[in-house]
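Letters A, B, ... mirror the listed sequences (proteins, then strands); counts begin at 1. No experiment lies behind these values; they were computed from the predicted model shown.
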2 protein chains.
Amino acid sequence: MASIMKAPRSARVDCETCQARVDGLCSGYSDSTVEFISGYRTNDRHLKAGQDLLNLGEPCDAIFNLVDGWMFRYTILADGRRQILDFALPGAVLGFHSPLGATISFGAQALTDAVVCVIPHNALGHLSQRQPDLGLRLALLMARERSLSFDHLTSVGRRSAHERIARLLLELFVRSRAGWPGYQIEEMHLPVTQEHIGDATGLTGVHVNRVLRDLGKEGILKFSYRRLSILEPDKLMDLAGIDQELLQSWTGSGRSEARAQGDLAGGCRQAA
Amino acid sequence: MASIMKAPRSARVDCETCQARVDGLCSGYSDSTVEFISGYRTNDRHLKAGQDLLNLGEPCDAIFNLVDGWMFRYTILADGRRQILDFALPGAVLGFHSPLGATISFGAQALTDAVVCVIPHNALGHLSQRQPDLGLRLALLMARERSLSFDHLTSVGRRSAHERIARLLLELFVRSRAGWPGYQIEEMHLPVTQEHIGDATGLTGVHVNRVLRDLGKEGILKFSYRRLSILEPDKLMDLAGIDQELLQSWTGSGRSEARAQGDLAGGCRQAA
DNA sequence: CGCGCAGTTGACAATAATCAACGTAAGTGG
DNA sequence: CCACTTACGTTGATTATTGTCAACTGCGCG
């Protein structure tokens, strides 16, 4: 798919390795087989858990495609308060902020060891010339991220602590599994602490703990030391106020969405 | 700029009127002269204050460019709680959500009488073929909206009621004036109620009122019956925790951003 | 001039933060 | 394998912030 050709311009050096990675953008989740096809990936960065991808206040001239691992985006206020903006799973695009050469205002930190593919901003122009749909696909991805952000805003602004936490855990479960637990007890490793949950939901770590105790007592779920057990999926879904359609938008598996992606990916392959 | 040519396909009928409007997308604020150039705009919708543009739960096959007036996006929870997601000023793009034909999950309501230009989704594909940069410009616009949403999330999650309200009023002032008040007393008409402010900041209308009373007592600002007076701009800026750079990202007047838009707009005009 | 919506105020309740102490699991070097 | 270290989690007492309810006021508009 990614044919090898000499690069006539310096910016093109990165294009070939990036091409395959960019191909995965619109799906929202990267296809691991692409890595083998594209051969050696020279532009990858490997992060250890807890390490930052971007340093706040520095300019940023690239976007990043998360290949492996979990990360999260955050803001730090002057007095140290932290707000986690969202959690990034493989396939996410990080560092695409409006002003191209401007200093960034959001950090991105690895929750687990992680690998990101670096796509310089100037390569984007070349890529989008060869692949006319790239821009619209990126726009769609950004729009989806914005919708997710709207969702979080609604949670933090108008839902109770119980609802917010139930919702967040459910979201992370569904997004990482790319599916709804169904109606059986489910268990998984979630690489976040209660402090992370607090910073994502606008609560204190201490209060998160109390709410988790409540949810445990009610037999809905258990979470401690990065291990989540969903004991009563239906009760959890009820508490979180989730409907089926929303679940689909998280996984990108909705019927209409699949159709839309099909269109775009189709046009994409024609162009290549 | 928008040359007239026969439309070979039905979707093209809308293209000509939309073309000019779409040209304004990347600026973030529409250029009113464009209206005259494009001649009669057949696809406009006129809304009265309080009227909804989108009905929650219905499918949506178009995007909208707000030409005139103020609007806001919102969510309603099952029990009636409302969260205002953002305020839209002329130039904003509404209704661009991920699944193309899916039912929408966010409402959009007019605060004043308003005019929007309707751009059917299928026209987007045609337009972006003739105007290859359109996608990237849209992506940039979406990314900027996401950043704004991240900002609101941080406010609601981690700032006090006073900070949130100060920040929101300052944001609306700066965005609508496209500039910072400077250091003199400023006054303006803000077409929102205290209830709106509450729903945008995750507070109650009652509590917003108390905070506004505090801010009035301290001589920082006054707001009542849709009239905002900023009495001490520097104190307000301090309370809101705003830095100069953020102001620029709101107005889109930052140096690096202007450069980026120049690049894009330039490529855009070449294509036309 | 009277109706309605927006704003204002007070008393009270609920939710969540803060502070501080202690418990417990995971990781490390000897 | 152990003691040691550290980060994470747990709990109670107390305070602060914000919400709820309800009554009342004032502005604007036909």
Side-chain angles (χ1 to χ4, degrees), chain A residues 48-51 72 77 79-84 109-113 155-169 189-217 221-229 239, chain B residues 48-51 72 77 79-84 109 111-113 155-166 168-169 189-217 221-229 239:
Chain A
K48 278 180 290 191
Q51 200 180 343
F72 66 94
L77 301 190
D79 60 357
R81 288 173 289 183
R82 180 176 71 172
Q83 176 69 42
I84 291 182
Q109 190 173 100
L111 285 166
T112 64
D113 291 353
S155 274
V156 173
R158 285 293 181 234
R159 291 182 203 275
S160 72
H162 284 73
E163 288 173 303
R164 291 183 226 175
I165 292 173
R167 221 180 148 81
L168 176 63
L169 292 177
H189 175 78
L190 258 194
V192 299
T193 66
Q194 296 183 0
E195 192 85 25
H196 286 126
I197 296 176
D199 283 344
T201 52
L203 300 166
T204 316
V206 174
H207 196 66
V208 169
N209 182 275
R210 286 189 235 276
V211 171
L212 287 174
R213 174 163 44 70
D214 286 355
L215 295 177
K217 268 186 196 158
L221 62 79
K222 296 201 180 304
F223 178 84
S224 195
Y225 291 99
R226 300 181 168 81
R227 178 138 290 277
L228 169 68
S229 304
L239 176 57
Chain B
K48 279 178 292 190
Q51 200 181 341
F72 66 93
L77 301 189
D79 61 358
R81 288 174 288 184
R82 179 176 72 172
Q83 176 68 42
I84 290 183
Q109 190 173 99
L111 284 166
T112 64
D113 292 353
S155 275
V156 174
R158 285 293 180 235
R159 291 183 204 274
S160 72
H162 284 72
E163 290 173 302
R164 289 183 227 175
I165 291 173
L168 177 63
L169 292 178
H189 175 79
L190 259 193
V192 300
T193 66
Q194 296 184 0
E195 192 85 24
H196 286 128
I197 296 176
D199 283 344
T201 52
L203 299 166
T204 316
V206 174
H207 197 67
V208 169
N209 183 275
R210 287 189 237 276
V211 171
L212 286 176
R213 174 163 44 71
D214 287 355
L215 295 178
K217 268 186 196 157
L221 62 78
K222 297 204 179 300
F223 179 84
S224 194
Y225 291 99
R226 299 182 169 81
R227 179 139 289 276
L228 169 68
S229 304
L239 176 57

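- Using a 4.0 Å cut-off, no side-chain N or O of A/Gln194 falls inside it from OP1 or OP2 of D/dA7.
- A/Val211 and A/Ala161 get closest at one heavy-atom pair: CG2-CB, 4.0 Å.
- The salt bridge (Lys or Arg N to Asp or Glu O under 4.0 Å) check on B/Arg159 picks up nothing, with sequence neighbours excluded.
- Atom CG of B/Leu111 is separated from atom CZ of B/Arg226 by 8.5 Å, given to the nearest 0.5 angstrom.
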Review point. What string of B, S and - do you get for nucleotides 19-30 of chain D 5' to 3' if you count protein non-hydrogen atoms under 4.0 Å?
Key: BBB----BS---

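- Considering only residues two or more places apart in sequence or on other chains, A/Gln83 meets the side-chain hydrogen bond (donor to acceptor under 3.5 Å, both in side chains) condition with none of them.
- Comparing the helix axis at one end of the helix from C/dC1-D/dG30 to C/dG30-D/dC1 with that at the other, each defined from 5 consecutive pairs, gives an inter-axis angle of 50° (nearest 10°).
- For A/Arg226 and D/dC8, the shortest distance from a side-chain N or O to OP1 or OP2 is below 4.0 Å.
- A/Arg81 has its CZ atom 12 Å from the P atom of D/dT17, to the nearest Å.
- The NZ atom of A/Lys217 sits 11 Å away from the C1' atom of D/dT11 (whole-angstrom rounding).
- The ring pair (Phe, Tyr, Trp, His ring centres under 6.0 Å) check on B/Phe223 picks up nothing, with sequence neighbours excluded.
- Atom pair A/His189:NE2 and D/dC8:P shows a separation of 13 Å (rounding to whole Å applied).
- Contacts of A/Arg227 classified as side-chain hydrogen bond (donor to acceptor under 3.5 Å, both in side chains), with partners at least two apart in sequence or in another chain: A/Glu187.
- Applying the side-chain hydrogen bond (donor to acceptor under 3.5 Å, both in side chains) rule to A/Glu195 yields no partners; only residues at least two apart in sequence or on another chain are considered.
- For A/Asp214, the side-chain hydrogen bond (donor to acceptor under 3.5 Å, both in side chains) partners are A/His162, not counting sequence neighbours.
- Scanning for ring pair (Phe, Tyr, Trp, His ring centres under 6.0 Å) contacts around A/His196 gives A/Phe72, with sequence neighbours left out.
- D/dT11 atom P lies 11 Å from atom CG of A/Asp214, rounded to whole Å.
- A close approach under 4.0 Å does occur between a side-chain nitrogen or oxygen of A/Asn209 and OP1 or OP2 of D/dT10.
- The distance between atom CD1 of A/Ile197 and atom C1' of C/dA17, rounded to the nearest whole Å, is 18 Å.
- OP1 or OP2 of C/dT8 lies within a sub-4.0 Å distance of a side-chain N or O belonging to B/Ser224.
- To the nearest angstrom, C1' of C/dT8 lies 11 Å from CG of B/Leu212.
- Summarising the geometry, the separation between CG on A/Asp79 and P on C/dT18 is reported as 10 Å, rounded to the nearest angstrom.
- As a whole-Å value, the separation of B/Arg227 CZ from C/dA6 P is 18 Å.
- With the nearest nucleotide of DNA chain C identified for both A/Arg164 and B/Glu195, B/Glu195 has the one nearer the 5' end.
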